[in-house]
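Okay, structure first, notes after.
Since we're looking at a predicted model, the values are computed, not measured.
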Amino acid sequence: MLEARHLRVLRAVAATGSFSAAARKLGCTQPAVSQQMKALETSAGTPLLIRTGREMRLTQAGEALVRHAGGILAGLTAAEEEIAAIAGLRAGRVRLVSFPSGSSTLVPTALAALRAAHPGTRVSLVEAEPPRSVEMLREGDCDVALAFRYGATGAEWDDLIVRPLLTDRLVGLVPEGHRLAGADTVTIGDLADESWIASCPRCRRQLVEVCEEAGFTPRIDFATDDYPAVIGLVGAGLGVAVLPELAMESVLPKGARTVTVEPSVEREIVALTLPDLAQVPAVAATLDQLTLAAPR
C-alpha cells in the first residue's frame, strides 16, 4: 500500500535530484529519506529511482508515480480536512498562494474576515505569480491560488474550480514632470518613444503584445517583479509603465502620475482550487471571503 509520506519524499527527491537535498527540503535526515524510498519501492514492487554516481534519475514507474502524486496528495488533504470538519476536531487549514498585488489588497481583508468568522482556521500564505501559482495548486502544494490572466486563454483552467473576483484595468504611469502627466487619456502609441519599465513576466508579455498591436516595440530598459520598484523608477524620471489598478492601491506613487491608457487592457482576477478541495469547508470559506473582499 502506498503511503502519503512516502509520496512526499519521492516528490522531493524528484525535485531536488538527491537524497541529501530532499532531506534538507523536508527537514529530516538523509538516512530517513533513503529508508522511506526503499519502503516505497517495496510497496510499488519495482524500482523507482536509478542511482548513477551522485545523480538520481526516475525510472518510468517513478515518473508515473510522481505524475500522479500531486493529485493523490490533494485528494488526501481534501479527505482529511472534510473529516476533521465533520468530526468537529478543528475548523481546517488552508494554504494560500497569491501574486504580490493580490497579497497587499484582497488577501488581508479576506483573511481578517475569515479569522473573525472561523478563529480555528489556520491559513498560510506564500507568493507566486501565475503560471507558477497554478502549477503549485495542481501539484498539491497549495489549496487556493489567487491568479490572473489577460483575455481568453482557452482551456488553461478547465480542470480547476474558478471563482471570478474582479476585472482589473491597466493604467499608465508617468513621471510628474512628463509631457503627458496632465492628460486625461493617452493612447499607448503616445508612449512609443519612451523608455519603459516592465513588471512581472506575464504582464511584460502583455505589454509587448499591446505595443506591437499599436505598431511599435517598447524599449524596456528596466524589468522588476516588484511593483513599488516600478513606481519608484517612474517617479525618478527613468521611464514610463503600465500597471494594474490593484497594484496601485497599496503604494503611494511618489513622483509619478497615473493616466488612463487607451485601448483599455484588463486582466481577470480569480481564485482557483481543485474540484476535490472545493468541498472542504475551510477552503470554501476562504473562497467566499476572497469574493467578498474584491471591490465591486
Supply the atom-to-atom distance Leu290 CG to Ile269 CD1, rounded to the nearest 0.5 angstrom. 11.5 Å
Test item: Asp221 side-chain N/O and Ser195 main-chain N/O as donor-acceptor pair under 3.5 Å: no
Identify whether the distance between the nearest side-chain nitrogen and carboxylate oxygen of Glu139 and Arg132 falls below 4.0 Å. yes
Quick check: does any side chain N or O of Arg267 sit under 3.5 Å from a backbone N or O of Asp168, one acting as donor and the other as acceptor? no
Taking atom CG as the centre, does Asp159 end up with more than 12 heavy-atom neighbours from other residues, nucleotides or ligands that are less than 6.0 angstrom away? yes
Scan for side chain to side chain donor-acceptor pair (under 3.5 Å) pairs involving residues 268-285, sequence neighbours excluded, and state none if there are none. Arg149-Glu268
Show every side chain to side chain donor-acceptor pair (under 3.5 Å) that has at least one partner inside residues 170-180, sequence neighbours left out. His178-Glu194, Arg179-Glu194
Distance col, row Gln36:CD vs Leu26:CG, nearest 0.5 angstrom, shows 8.0 Å
Please give me the minimum heavy-atom distance between Val259 and Ala183, naming the atom from each residue. CG1-O, 3.8 Å
Here's a test for you: under side-chain contact (heavy atoms from CB on, under 4.5 Å), which of Val208, Leu191, Thr217, Val234 qualifies with Trp196? Leu191
The single option from Asp141, Asp143, Thr286 that satisfies side chain to side chain donor-acceptor pair (under 3.5 Å) with Arg95 is Asp143
Check: Arg169 side chain, Val261 main-chain N or O, donor-acceptor pair, under 3.5 Å: yes
Let me check something: do Leu7 and Met37 share a hydrophobic cluster, defined by ILVMFWY side-chain heavy atoms less than 4.5 Å apart, either directly or through other members? yes
With no hydrogens and no angle check, just 3.5 Å: does a side-chain donor-acceptor pair link Ser103 and Glu127? yes
Where at least one partner belongs to residues 20-45, residue pairs that pass salt bridge (Lys or Arg N to Asp or Glu O under 4.0 Å), sequence neighbours excluded: Glu41-Arg51
Check whether any side-chain N or O of Ser34 sits under 3.5 Å from a backbone N or O of Gln30 as a donor-acceptor pair, and report yes or no. no
Are Leu40 and Val13 connected, step by step, through hydrophobic side chains (Ile, Leu, Val, Met, Phe, Trp, Tyr) whose heavy atoms are closer than 4.5 Å? yes
Taking salt bridge (Lys or Arg N to Asp or Glu O under 4.0 Å) as the cut-off, I'd like each qualifying pair that reaches into residues 228-239, sequence neighbours left out, listed once. none
Rounded to the nearest 0.5 angstrom, the CD1-CG distance for Ile197 and Leu207 is 11.0 Å
Between Ala294 and Leu166, the two heavy atoms sitting closest are CB-CD2, 4.1 Å
Report the residues that fulfil side chain to side chain donor-acceptor pair (under 3.5 Å) with Arg163, sequence neighbours left out, ordered by chain and then residue number. Asp288, Thr291
Does Ala22 offer a backbone N or O that forms a donor-acceptor pair with the side chain of Thr16 under 3.5 Å? yes
Could you check whether any side-chain N or O of Thr109 sits under 3.5 Å from a backbone N or O of Leu106, counting only pairs where one atom can act as donor and the other as acceptor? no
Hey, is CZ on Arg202 packed in by over 12 heavy atoms from elsewhere, all under 6.0 Å? yes
Nearest heavy-atom neighbours spanning Cys142 and Ser133: SG-O, 4.3 Å
Output every pair passing side chain to side chain donor-acceptor pair (under 3.5 Å) with a member in residues 58-77, not counting sequence neighbours, ordered by first then second residue. none
Rounded distance [0.5 Å steps], CG in Leu65 versus CD1 in Ile72: 6.0 Å
Measuring from Met56:CE to Leu48:CG, what's the distance to the nearest 0.5 Å? 12.0 Å
What's the shortest heavy-atom distance between Ala14 and Leu58, and which atoms? CB-CD1, 3.9 Å
